[in-house]
A.B. asks: 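One structure, pasted below without further comment.
Residues: numbered from 1 along the sequence shown. In each ligand, atom 1 is the first atom listed, and ligand 1 is the first ligand listed.
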Amino acid sequence: MRRRGNPACFDMTEQTPVTEEKSAKVPALPDAQTVTEVKHYTDRLFSFRCTRPSTLRFRSGEFVMIGLMGDVNPKTGKQKPLLRAYSIASPAWDDEMEFYSIKVQDGPLTSRLQHIKVGDEIILRPKPVGTLVHDALIPGKRIWFFATGTGFAPFASLLREPQTYEDYDEVIITHTCREVGELTYGRDLIESIRNDEMLAELMGEDFHKKIRYYPTTTREESAKMGRITDLIRSGELFEDLEIDPLNPESDRAMICGNLAFNLELKELLEDAGLEEGANSKPAQYVVEKAFLD
Ligand code: A2P
């Protein structure tokens with residue numbers, strides 16, 4: 001993992017001075033960033049990393065608009081950028097940007113984006129926004145990250161954010177996908193966090209013991225099956241984790257998944273007495289749609 005020099009406490013991880021090589025290549029795109037890594041997980045999912053604009057500051061959990069140049073309009077001969085909102089999956093301190101994406105074969109953007117390779121350029125508009133940020137929650141003891149599918153992305157950022165462990169005693173991430181292979185990105189990330197010695201050095205030896213990871217599948221056999229919403233209703237989730245049910249005094253939550261899931265979970269949290277927060281009015285939970293093509 002590469003670290004950004006800011007905040008200062010992270011400087012210790014970058015011992016070698018970085019010399020910037022001036023590329024002779026002039027970027028062909030506005031707000032161009034260069035792809036540095038691409039990983040494919042299933043025929044529906046992939047992740048990639050790219051360079052980070054030197055002036056871009058964001059809060060872990062926020063999203064930006066990214067994309068590619070669209071086709072040439074035969075009438076005007078002009079090209080327009082084709083942009084979509086993507087949660088930033090990397091934490092605020094990372095030197096690079098990471099994104100986790102669905103592949104939609106006839107999707108205007110992802111049908112093309114899924115073919116990017118290292119060295120290619122993408123467009124990244126440096127205007128981060130979003131509600132899945134610590135600032136939108138009031139203090140609590142336990143934080144829940146509820147995700148389906150690519151809704152895991154903002155939590156990949158927040159799970160690598162030191163503030164998450166400073167602010168809470170327990171961090172519970174649930175991830176529901178149709179099939180087992182769709183859990184790989186999240187599973188690998190949790191594994192890498194648990195084994196990352198530098199993160200342990202920065203956040204304290206035992207920080208990762210605060211993470212409880214609860215993956216479930218709905219359409220393929222796995223160790224835990226079922227929609228998280230059903231597992232909450234039945235109480236099975238709390239029994240499995242051996243914890244008390246949701247409580248507005250101690251629990252805080254962030255939701256990111258498909259629209260129906262977000263709405264159902266919102267209702268469950270409201271029933272438990274939690275109130276929705278925002279940047280302008282922090283409260284007990286926040287919600288954001290996983291952006292699909
Ligand atoms: P299911 O297979 O029962 O539809 P998708 O890939 O369609 O975005 O779905 C991702 C995961 O979210 C799937 O496991 C899906 O379960 C689950 N899901 C879809 N809608 C809801 C909902 N309203 N509440 C809880 N989980 C949902």
A.B. asks: With heavy-atom distances below 4.5 Å as the criterion, would you say the side chains of W144 and M254 are in contact?
C.D. replies: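 Answer no - side chains too far apart.
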
A.B. asks: So for ligand 1, is T176 a polar contact partner (N or O within less than 3.5 Å, distance only)?
C.D. replies: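 No, since none of the N or O atoms of T176 sits under 3.5 Å from an N or O of ligand 1.
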
A.B. asks: Which of the numbered atoms in ligand 1 are below 4.0 angstrom from a heavy atom of R44?
C.D. replies: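 What qualifies from ligand 1 is 6 (O).
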
A.B. asks: I want to confirm something. Looking only at heavy atoms, which of I102, T218, T216 is nearest to atom 16 (O) of ligand 1?
C.D. replies: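 Nearest option to atom 16 (O) of ligand 1, by heavy atoms: T218.
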
A.B. asks: Tell me whether the centres of the aromatic rings in Y86 and F63 are closer together than 6.0 Å.
C.D. replies: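 Here the rings of F63 and Y86 have centres that are no less than 6.0 Å from each other.
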
A.B. asks: Backbone or side chain, does any N or O of I228 fall under 3.5 Å from an N or O of ligand 1?
C.D. replies: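 In this structure, I228 places no N or O atom under 3.5 Å from an N or O of ligand 1.
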
A.B. asks: Is it the side chain (CB and beyond), the backbone, both or neither of R227 that lies under 4.0 Å from ligand 1, heavy atoms counted?
C.D. replies: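 For R227, only side-chain atoms sit under 4.0 Å from ligand 1.
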
A.B. asks: Side chains of E161 and S60 only: does a donor on one sit below 3.5 Å from an acceptor on the other?
C.D. replies: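 A pair is found: one side chain offers a donor N or O, the other an acceptor, under 3.5 Å apart.
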
A.B. asks: When the ring planes of H134 and Y168 are compared, do they come out parallel, tilted or perpendicular, using 30° and 60° as the limits?
C.D. replies: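 Answer is tilted, since the angle falls between 30° and 60°.
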
A.B. asks: Within ligand 1, which atoms have a heavy atom of A260 less than 4.0 Å away?
C.D. replies: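 Selected atoms, number and element: 23 (N).
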
A.B. asks: Between T36 and E96, do the side chains contain a donor N or O and an acceptor N or O under 3.5 Å apart?
C.D. replies: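 Distance-only check passes for E96 and T36.
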
A.B. asks: Going by ring-ring contact (aromatic ring centres under 6.0 Å, His included), name the pairs with one or both residues in residues 202-230, residues two or more places apart or in two chains.
C.D. replies: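 As it turns out, the ring-ring contact (aromatic ring centres under 6.0 Å, His included) pairs with a partner in residues 202-230, which skip direct neighbours, are Y165-F207.
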
A.B. asks: Can you list the atoms of ligand 1 that are under 4.0 Å from a heavy atom of E264?
C.D. replies: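 Numbered from 1, ligand 1 contributes 22 (C), 23 (N), 24 (N).
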
A.B. asks: Counting heavy atoms only, name the option from T217, N258, T229 that's nearest to atom 9 (O) of ligand 1.
C.D. replies: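 Nearest heavy atom to atom 9 (O) of ligand 1 lies in N258.
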
